[in-house]
2 protein chains.
Amino acid sequence: MSVTNTAVTAQVAGTIPDGPCGDDDCGIRDVLDRLGDRWTVLVIVELSRGVRRFRELERAIPGISQRMLTLTTKRLCRDGMVERIAYPTIPPQVEYRLTETGQSLAAAISALADWSREHKDHIADARRHWDAEHGD
Amino acid sequence: MSVTNTAVTAQVAGTIPDGPCGDDDCGIRDVLDRLGDRWTVLVIVELSRGVRRFRELERAIPGISQRMLTLTTKRLCRDGMVERIAYPTIPPQVEYRLTETGQSLAAAISALADWSREHKDHIADARRHWDAEHGD
DNA sequence: CGGAATCCAGCTAGATACTG
DNA sequence: CAGTATCTAGCTGGATTCCG
């Protein structure tokens, strides 16, 4: 009865604003729906290292299929994160590069990657503990 | 033949380190596999506002099913992001709160949310342009 | 209230084959 | 090389029902 109505909102000061995030997700979901799939982040990371051709991306990202690479780059182009430059040569040559917006996204991803590196051991430990207690 | 071997790696200076990210994903995928699903981020955001009971979370996150709330909180507990405190009362009462690690994740998410807000209009524009050109 | 168990639809993504 | 097309398996998540 104590926590129900008078919400304790002082936990993470200034982290997630209340205003625009009221009921919806302030658009985070749009971004995470992209970042959440298996390949988008890897493509962005690879492109953050420089311009890449289709085949270069494919080789740089082990396990990706042509289909998924096509879909991923296409979606990133659609969202304005990646620019696609096709040279009408034979054989065809297509270059992909991050736009400015794409580069700023890469920076944001990098921040999340930093967080991952800092906490991955802690997470692994937590999982082991949990699995040990709940799996016996 | 010019871009093939001598990779141009100076695009986003100091954004994604080359070292530990060589072939694999430096653990970003572990995190994004969680964050990528429909509900995890919303649960974290809600918990960043304070301690919540199961029903409170359910009501605060429109559209989530009991099943997904259970699964999401359980996974977050397993990863050490959320602490679950069950009071053996009748009816039962269970509280969820972010751990310190969970709070730092909330901060990282907040950074991504900031990025989303800053660029969502730009993305929407890019999509409209793309759809207009490629859908005629 | 706070789940667990079961069943099922839809989408994602992998494999494969074909094309300009 | 850089895709497109098709077919399909598997997983995610929704709805429902039942339990302590």
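Remember, predicted model here, so these are calculated numbers, not experimental data. Proteins get letters first, then strands, A, B, ... in listed order; numbering begins at 1 in each.
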Please pick, from [options], the nucleotide with the shortest atom-to-atom distance to any side-chain atom of [X].
| X | options | result |
| --- | --- | --- |
| A:P92 | D:dA2, D:dG13, C:dA13 | D:dA2 |
| A:Y96 | C:dA4, D:dA2, D:dG3 | D:dG3 |
| A:D37 | C:dA13, C:dG3, D:dA2 | C:dA13 |
| B:T70 | C:dG2, D:dG13, C:dA4 | C:dA4 |
| A:W39 | C:dA13, D:dA2, C:dG2 | C:dA13 |

Whether [Y] and [X] form a salt bridge (side-chain N of Lys/Arg under 4.0 Å from carboxylate O of Asp/Glu) is what I want to check.
| X | Y | value |
| --- | --- | --- |
| B:R59 | B:E56 | no |
| B:E95 | B:R84 | no |
| B:R127 | B:D131 | no |

Near A:R38 CZ, under 6.0 Å, is it more than 12 heavy atoms from other residues, nucleotides or ligands? no

Separation of [N] [atom2] from [X] [atom1] (nearest whole Å):
| X | N | atom1 | atom2 | value |
| --- | --- | --- | --- | --- |
| A:E58 | C:dA13 | CD | P | 16 Å |
| A:L57 | D:dA2 | CG | C1' | 12 Å |
| B:I85 | C:dG2 | CD1 | C1' | 15 Å |
| A:R38 | C:dG14 | CZ | P | 6 Å |
| A:R52 | D:dA2 | CZ | P | 13 Å |
| B:E95 | C:dG2 | CD | C1' | 13 Å |
| A:D33 | C:dT12 | CG | P | 9 Å |
| A:M68 | C:dT16 | CE | P | 17 Å |

Under 4.0 Å from OP1 or OP2 of D:dA2: is there any side-chain N or O of A:R53 that close? yes

C:dG3 phosphate, OP1 or OP2, under 4.0 Å from B:K74 side-chain N/O: no

Would you indicate what B:R67 reaches in the nucleic acid, counting non-hydrogen atoms under 4.0 angstrom: base, sugar-phosphate, or nothing? base

For A:P91 and for A:S65, locate the closest nucleotide of DNA chain C by heavy-atom distance; then report the residue assigned to the nucleotide nearer the 5' terminus. A:S65

Closest-nucleotide ordering on DNA chain D, the 5'-leading residue of B:R75 and A:R84: A:R84

Linking I/L/V/M/F/W/Y whenever any side-chain heavy atoms sit under 4.5 Å apart, do B:L71 and B:V31 land together? yes

